[in-house]
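Values below: all heavy atoms of this structure, side chains included; hydrogens, waters and symmetry mates excluded. Numbering starts at 1 and runs along the sequence shown.
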Amino acid sequence: MRIWTPPPGTKVVFRIQAPAERQIAADFGIKLPRFDHVELLFDDPRWPEFLAALAASSTSGPRRFTSLWLEECPLNPRDQDWARLDPGPSAFRSPARAPKNRHFAWRNGVPLASQTFIDTVLRAGLTGLGWLPLADSHPQDPQRWFEIFAREPIGRGLDHPLMIASLHEAALKERGIDRSRREGEPTVSLPRLDLAKIEHPTLLKMLELAPPQYFCIRGASRFVEESLPRTDFAYSGWDIRSRPEPGYRGRPRRHICCNSKARTALLDAGVMKPTRFNTLVVVSAADAHSEVLDQTISEPIPPPVYTAEEAEAETAKRTALSTGSTLDRPRIRSIRQTVELLQERVADGAWVTVQDSNSSVDFDSGEFTTAPEAWRLVSPLLPDGIYGETPQEDHHFEFEWCVPHWNECAREEPVDDPDERPSKDDLVIAITACGDCFTVRRGSPDWPTEAPVILWDHETDSIHDQWPSIAAFVAHIVAVCDHKRHHESME
């Protein structure tokens with residue numbers, strides 16, 4: 001029997017939805033966000049009385065928490081610890097619209113890096129990273145972008161010390177999982193704790209008030225020192241099935257990890273933020289306190305996203321596609337030229353304008369006076385709504401015009417990267433059919449004349465797409481309309 005108590009620094013992550021229990025939390029000074037979980041240290045002195053007050057409440061039945069789990073703090077990290085690169089909440093769609101200050105991003109789950117990022121890797125002499133050109137990159141783009149991948153594995157990793165490996169592997173076998181796909185599991189759920197004894201009274205009370213099916217203990221991702229590659233970059237994470245669900249362009253997906261040398265070089269160059277590195281704990285095999293999978297599994301680790309031969313072939317293919325393309329990016333004009341362009345399209349019958357389809361809208365009202373000057377000039381000439389595709393891009397673009405209004409759904413709690421989260425200073429200027437918002441932010445460098453435009457995903461509060469200016473956003477709208485009109489004329 002394993003006896004376990006939460007180690008120092010462990011956080012409790014939970015959610016409470018019932019108004020009565022939320023008020024109890026507020027009475028104890030615990031601020032609950034509207035849409036997300038709250039984190040509170042396990043050793044916070046408020047827990048005993050807070051749990052007692054929740055238990056005394058009967059408005060939500062026996063379960064007061066709607067979800068609850070523990071996250072352990074990594075213990076005794078070493079200097080040689082590695083980190084997993086995290087692109088954050090920002091999506092990536094077109095190299096032409098990538099912000100100048102962003103150098104690491106993702107598209108469809110695939111990590112991408114800018115030319116500045118690649119130059120940093122080369123200048124620092126970092127090893128183990130491969131990159132491929134993007135077929136949709138263009139000489140007119142502010143910066144070249146590449147798909148990146150790691151060439152060597154960091155190892156299989158280690159299970160959480162509480163994990164009973166035999167039970168975990170039996171469950172995988174029932175699902176038809178090949179043991180060669182096995183990698184360390186840092187999270188242990190309540191059903192896997194049947195051979196562990198929990199004696200801490202606060203934790204026992206939490207378990208009485210939380211749904212047992214959601215409870216788990218999330219430890220740090222751990223790797224064995226003896227199995228580390230001699231490169232500065234490595235990959236981890238693969239699908240547990242030998243034929244995983246295809247990723248971008250049919251390729252498998254892997255995490256990219258780097259050592260402290262690479263982390264320092266990327267930070268010093270300003271191409272990564274400190275919050276974009278998720279710590280990986282490195283321990284010796286003797287200190288693993290769990291099965292060392294790198295030693296007990298003889299089958300080779302799944303290969304990287306691209307082998308050397310595949311990367312060479314893919315590079316040639318993409319280079320040919322990029323060189324052979326005759327499509328140009330939408331040309332970004334001045335606001336005066338943009339207005340003239342819109343007037344030409346309207347006169348040509350390309351679309352019905354907002355002012356014609358919404359004749360009751362007062363463009364001199366208070367809502368419009370809060371918008372940047374550029375939007376006030378172009379807004380009446382825009383189409384009421386469009387749905388189509390842009391040349392050289394593999395996604396649909398939706399746009400529905402709306403009366404400008406200040407964002408009322410932004411999160412209230414502080415965040416590490418406020419420029420990558422919605423703000424109450426965001427002015428919503430358009431929407432999509434599913435509720436995503438196009439916004440400009442008060443306080444932008446060119447405000448109140450101009451401003452960057454951001455499309456926010458309403459489900460994740462992350463950036464879905466972005467344009468450096470209103471003029472660039474309108475150029476994109478015109479390109480979509482022209483492309484759609486061309487295809488309709490060909491039918």
Evaluation steps, side-chain contact (heavy atoms from CB on, under 4.5 Å), between V354 and S379: CA-CA 7 Å; V354 170; S379 184; 5.5 Å; no
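- A donor-acceptor contact closer than 3.5 angstrom is absent between the side chains of S236 and E183.
- The backbone N or O of W447 sits nowhere less than 3.5 Å from a side-chain atom of S444 that would complete a donor-acceptor pair.
- No donor-acceptor contact under 3.5 angstrom links the side chains of T449 and D446, judged on distance only.
- Distance check: I454 CD1 to C437 SG gives 12.0 Å after rounding to the nearest 0.5 Å.
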Evaluation steps, salt bridge (Lys or Arg N to Asp or Glu O under 4.0 Å), between E169 and R179: CA-CA 8 Å; E169 293 190 1; R179 193 166 187 264; 2.9 Å; yes
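- With rounding to the nearest 0.5 Å, the separation of SG in C481 from CH2 in W351 is 5.0 Å.
- Between L293 and G157, the closest heavy-atom pair is CD1-O, 3.7 Å.
- For E226, the CD atom counts as densely surrounded, since its 6.0 Å shell holds more than 12 non-hydrogen atoms of other residues, nucleotides or ligands.
- In this structure, the side chain of Q143 engages the main chain of T116 through a donor-acceptor pair within 3.5 Å.
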Verdict with reasoning, R218 to E39, per salt bridge (Lys or Arg N to Asp or Glu O under 4.0 Å): CA-CA 13 Å; R218 297 182 179 180; E39 296 180 356; over 6 Å; no
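- In this structure, P186 and E72 have side chains that are not in contact, with every pair of non-hydrogen atoms separated by 4.5 Å or more.
- In this structure, a donor-acceptor pair under 3.5 Å is absent between the side chains of T231 and E152.
- You'll find the side chain of Y306 stays beyond 4.5 Å of the side chain of R151, heavy atoms only.
- Proximity of a side-chain donor or acceptor of R345 to a complementary backbone N or O of A350 within less than 3.5 Å is not detected.
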Test side-chain contact (heavy atoms from CB on, under 4.5 Å) applied to E147 and R318, step by step: CA-CA 11 Å; E147 176 183 349; R318 295 186 186 188; 2.7 Å; yes
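- Under the 30°/60° scheme for interplanar angles, the aromatic rings of W238 and Y235 are found to stand perpendicular.
- Using cut-offs of 30° and 60° for the angle between ring planes, the F233 and F117 rings count as tilted.
- The aromatic rings of W467 and F438 sit tilted relative to each other, their planes meeting at an angle between 30° and 60°.
- Formation of a donor-acceptor pair under 3.5 Å by the R421 side chain with backbone atoms of D461 is found in this model.
- Put simply, CG on L228 and CG on D81 are 9.5 Å apart, with the number rounded to the nearest 0.5 Å.
- Checking each of D436, T439, N407 against W456 for a side-chain hydrogen bond (donor to acceptor under 3.5 Å, both in side chains) leaves exactly one that passes, namely T439.
- H476 has its side chain out of reach of S94: every pair of non-hydrogen atoms, C-beta onward, lies at least 4.5 Å apart.
- At a threshold of 4.5 Å between non-hydrogen side-chain atoms, the residues V440 and W375 do not count as touching.
- At least one donor-acceptor pair under 3.5 Å links the side chain of R222 to the backbone N or O of D159.
- Here W131 contributes atom CH2 and R144 contributes atom CZ; the two are 13.5 Å apart, rounded to the nearest 0.5 Å.
- Side-chain atoms of D136 and P95, non-hydrogen and from C-beta on, do get closer than 4.5 Å to each other.
- No donor-acceptor pair under 3.5 Å is formed between the side chain of E450 and the backbone N or O of I335.
- The aromatic rings of Y387 and H396 sit parallel, their planes meeting at an angle under 30°, below the 60° perpendicular limit.
- Residues P111 and P87 form no side-chain contact, since every pair of their non-hydrogen atoms from C-beta on lies 4.5 Å or further apart.
- Checking side-chain atoms of T319 against main-chain N and O of A316 turns up no donor-acceptor pair under 3.5 Å.
- When side chains are defined from C-beta on, V271 does not count as touching S114, because their heavy atoms never get closer than 4.5 Å.
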From CA spacing to verdict: side-chain contact (heavy atoms from CB on, under 4.5 Å), L158, V281: CA-CA 10 Å; L158 297 167; V281 176; over 6 Å; no
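- Summarising the geometry, atom CG belonging to D465 is positioned 11.5 Å from atom OG1 belonging to T432; distances are rounded to the nearest 0.5 Å.
- Taking the centre and axis of the six-membered ring of W406, the NZ or CZ atom of R442 falls inside the cone set by 45° and 6.0 Å.
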Verdict with reasoning, D86 to F104, per side-chain contact (heavy atoms from CB on, under 4.5 Å): CA-CA 9 Å; D86 180 2; F104 182 59; 5.9 Å; no
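- The closest donor-acceptor contact from the side chain of D294 to the backbone of R156 lies under 3.5 Å.
- Atom NE2 of residue H160 and atom CD of residue E185 lie 10.0 Å apart, to the nearest 0.5 angstrom.
- Side-chain N or O atoms of D482 include none that pairs as donor or acceptor with a backbone N or O of A479 at under 3.5 Å.
- Residues E71 and W69 have side chains that bring a donor and an acceptor to within less than 3.5 angstrom of each other.
- Under a 3.5 Å cut-off, the side chain of R84 and the backbone N or O of L280 do not form any donor-acceptor pair.
- In this structure, P211 and T66 have side chains that are not in contact, with every pair of non-hydrogen atoms separated by 4.5 Å or more.
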